[in-house]
2 protein chains.
Amino acid sequence: MVATIKDVAKLANVAPSTVSRVIANNPRISEKTKERVREAMSELGYHPNFIARSLANQSTQAIGIVIPGSADKAFLNPFFPEVIRGISKGAHQKHYALHMSTGETDAEIMEGVVQMVEGKRVDGIILLYSQVDDKLTKYLLRKKFPFVIVGKPFKDVEHITHVDNDNYRAAKEVTEHLIQLGHERVAFIGGNLKLVVTVERLLGYEKAIRNAGLVYRDDYIIHAQFLKEGGQAAVQELFNLDEPPTALVVADDLMALGVLNTLDDMGINVPNDVSVVSFNNVMLSEVSRPPLTTVDINIFQLGYEASKHVIQLVEDPMDPIKRIIIPHKLMKRQSCREYVSTKKTTTI
Amino acid sequence: MVATIKDVAKLANVAPSTVSRVIANNPRISEKTKERVREAMSELGYHPNFIARSLANQSTQAIGIVIPGSADKAFLNPFFPEVIRGISKGAHQKHYALHMSTGETDAEIMEGVVQMVEGKRVDGIILLYSQVDDKLTKYLLRKKFPFVIVGKPFKDVEHITHVDNDNYRAAKEVTEHLIQLGHERVAFIGGNLKLVVTVERLLGYEKAIRNAGLVYRDDYIIHAQFLKEGGQAAVQELFNLDEPPTALVVADDLMALGVLNTLDDMGINVPNDVSVVSFNNVMLSEVSRPPLTTVDINIFQLGYEASKHVIQLVEDPMDPIKRIIIPHKLMKRQSCREYVSTKKTTTI
DNA sequence: TTGAAAGCGCTAACAG
DNA sequence: CTGTTAGCGCTTTCAA
């Protein structure tokens, strides 16, 4: 049997409550007894039972992480490990552990979260995505459970602490960059339209297109999954068009990788025949052929800030709602090139 | 206030224990009362408190994941997200959640694990690495706590359930592959020598070298970190040698990436001037320039089996110790080429 | 400064 | 088939 607080109390000749106070390092206990109790603890190899403490305490020192879709699929995208790295760092500093439940469908995920919240398994939650019209968000809001979103909430922006990039501006900037390079036929390949980040990036793209007086064409907008395969399908559609684009804004590095592959298979050269920019700057983007011009969104920082702020929220429920915008930066590499009109006719 | 089991009991006119039984779907409760209780539950929006249950139960339905070094650093290597994907899948199937504590130093990690175990926060543990002379392993063994190792235990192989590849053979095979291509000066770039996997791969390499009657040279063996930067330093050492190698066995894809970069910087062409093979087959290796010839070790499967088996161990402490070997497979891509002796003199 | 005792919410004998 | 009751191990009033 493992030693409990009672055993320690007995050995040290004090009451259990005193032992408890020693653990909490309560200043109202004399140094002498503290010492005695500590000795007893180490003599018995005592370690507090966290679960019991949590029950008495209503606090777990753990924060829950919610990943979209199945952890399974999502982890394929290096974005997630990287945010978690950041979260992990922030949590560690405050002595919080991480808890993940997993689920394949939306319903399963919801169930997992309900268990975390209702089952009191975590003190706070970080949502690693933001979906349009999200039940989870509503639930958490209704329960008044401490949580933060990595991304921009679809609704109730003023009531939800969130950590995000200015994706609208970032998208606008990269599109402008392409336009400045002389491209006039710029297409957009985005992820799931239910994700707010997709919407924001699309909007930024649109704004840039319109500002430049270019035509905003529906057939230049494609949506797929945030995965490699996503990019492949998209490319095939775009390059079957009468007037295929000369530049591509891709909403995610992993998709861009798929794009690059497919383009290569089709004998279309990047950047000579078509320019590509994407988002995230995961390690892959630096290594690909050609290295991708992409927006560094500082994923690690996104996670770090998120964990910092849930914990603040947990520890002080009066902590004000915040909106934290992490800066982004365009990383120019070799997937873009200025548009030379003569090229086009010779290439395709 | 949230509804507790007592509230439900009161409303349904039964004893709390009956409610508890309904939750557990105990067959000895009549359908009628079950129905009544369930109604009461949903009327009150009741959800069981997991923590309380854990305390009464001595079981948490959670398994702990231990990552080497700081989660922080490790997550930089795509190996880890990928094992976790596998673990996550297995855990989900059995309705287990995942729990991660993080720590920067070995001591901190140890502390985290002690908290998990002693604090009864998890039912079982998966160690995502195997270190020579590992305190953690000893501790877990002494505590008789259910755990499995991903990798080969340094000691007590017969007493620890583990999921591993046959790294010795894999390394031997790739080295032989290089030798068959005509290479006679094959170097080895490995990770931390305290990691059993490094040792195994080194041993396999050595065996192949000796079998082929080649000289085993100490200056052809370099150890660095399992990170990109690791590869860079190694290359510089090797190519300052009088007789630099014509082929490289690199113990990890990420390191190999660093190797590729550095080689490129030095104007050494892969595969024309030097061939490179590595291990893991993470997504990066397919994308790099040139695409890496690498050993697919089936990382996902490693994780999946690990979680399956800790859970078995948790649920049946009498479950026998197992050694699960996941098959590997050489993925031939473009980083290798046969050695043509004339080349050498012209190239360097 | 310390102790006694009442919970935290649930489970599991034991009894009936 | 169901109720009573005693914990699980800790924290936290309330008293002293």
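Reminder, nothing fancy here: chain letters follow the sequence lines and each chain counts from 1. Only a predicted model underlies this, so the values are computations on that prediction, with no experimental measurement involved.
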Undergrad: Which residue in the set A:V37, A:V22, A:V19 passes side chain to side chain contact (heavy atoms under 4.5 Å, CB included) when paired with A:I29?
TA: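 The option that passes is A:V22.
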Undergrad: Give a yes or no on whether the backbone of A:H95 and the side-chain of A:Q61 come within a donor-acceptor separation of less than 3.5 Å.
TA: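 Yes; at least one donor-acceptor contact below 3.5 Å.
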Undergrad: Hey, is the side chain of A:R53 poking within less than 4.0 Å of OP1 or OP2 on D:dT11, counting only N and O atoms?
TA: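 Answer is yes, contact under 4.0 Å.
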Undergrad: For A:K155, does the NZ atom sit with more than 12 other heavy atoms under 6.0 Å from it, leaving out its own atoms?
TA: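 No, the 6.0 Å shell around NZ holds no more than 12 heavy atoms from other groups.
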Undergrad: Near A:K322 NZ, under 6.0 Å, is it more than 12 heavy atoms from other residues, nucleotides or ligands?
TA: yes
Undergrad: With nearest nucleotide decided by heavy atoms, which residue, A:H47 or B:N26, maps closer to the 5′ end of DNA chain D?
TA: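 Counting from the 5' end, the first nearest nucleotide belongs to B:N26.
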Undergrad: Let me know the distance between NZ of A:K32 and P of C:dT2, rounded to the nearest Å.
TA: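 Checked: the NZ to P distance equals 9 Å.
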Undergrad: To the nearest angstrom, how far is B:I5 atom CD1 from D:dT5 atom P?
TA: 17 Å
Undergrad: C:dT11 C1' sits how many Å from B:I51 CD1, rounded?
TA: 15 Å
Undergrad: Could you check if a side-chain atom of A:K32 sits within less than 4.5 angstrom of a side-chain atom of A:E35, using non-hydrogen atoms only?
TA: no
Undergrad: Using side-chain heavy atoms (C-beta onward) and a distance below 4.5 Å, is A:Y129 in contact with A:V66?
TA: yes
Undergrad: In residues 7-25 of chain A, which ones come under 4.0 Å of DNA chain C, going by heavy atoms?
TA: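 Result for residues 7-25 of chain A: A:N13, A:V14, A:A15, A:S17, A:T18, A:R21, sorted by number.
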Undergrad: For A:K194, does the NZ atom sit with more than 12 other heavy atoms under 6.0 Å from it, leaving out its own atoms?
TA: no
Undergrad: Which part of the nucleic acid, if any, lies within reach of B:F50 when heavy atoms closer than 4.0 Å are counted: base, sugar-phosphate only, or nothing?
TA: nothing
Undergrad: Separation of B:R28 atom CZ from D:dT2 atom P, in whole Å?
TA: 11 Å
Undergrad: Are B:I65 and B:I125 close enough that some pair of their side-chain heavy atoms sits under 4.5 Å apart?
TA: no
Undergrad: Is there any protein nitrogen or oxygen under 3.5 Å from a nitrogen or oxygen in nucleotides 6-8 of chain D, and what are the pairs?
TA:
| from | atom 1 | to | atom 2 | distance (Å) |
| --- | --- | --- | --- | --- |
| D:dC8 | O2 | B:A56 | N | 3.3 |

Undergrad: Any non-hydrogen side-chain atom of B:F50 less than 4.5 Å from a side-chain atom of A:Q115?
TA: yes
Undergrad: Without decimals, in angstroms, what is the distance between A:E35 CD and C:dT2 C1'?
TA: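 In whole Å, C:dT2 C1' and A:E35 CD are 18 Å from each other.
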Undergrad: Is A:T33 near enough to C:dT2 that one of its side-chain N or O atoms lies under 4.0 angstrom from OP1 or OP2?
TA: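 It does, given that an N or O in the side chain of A:T33 lies less than 4.0 Å from OP1 or OP2 of C:dT2.
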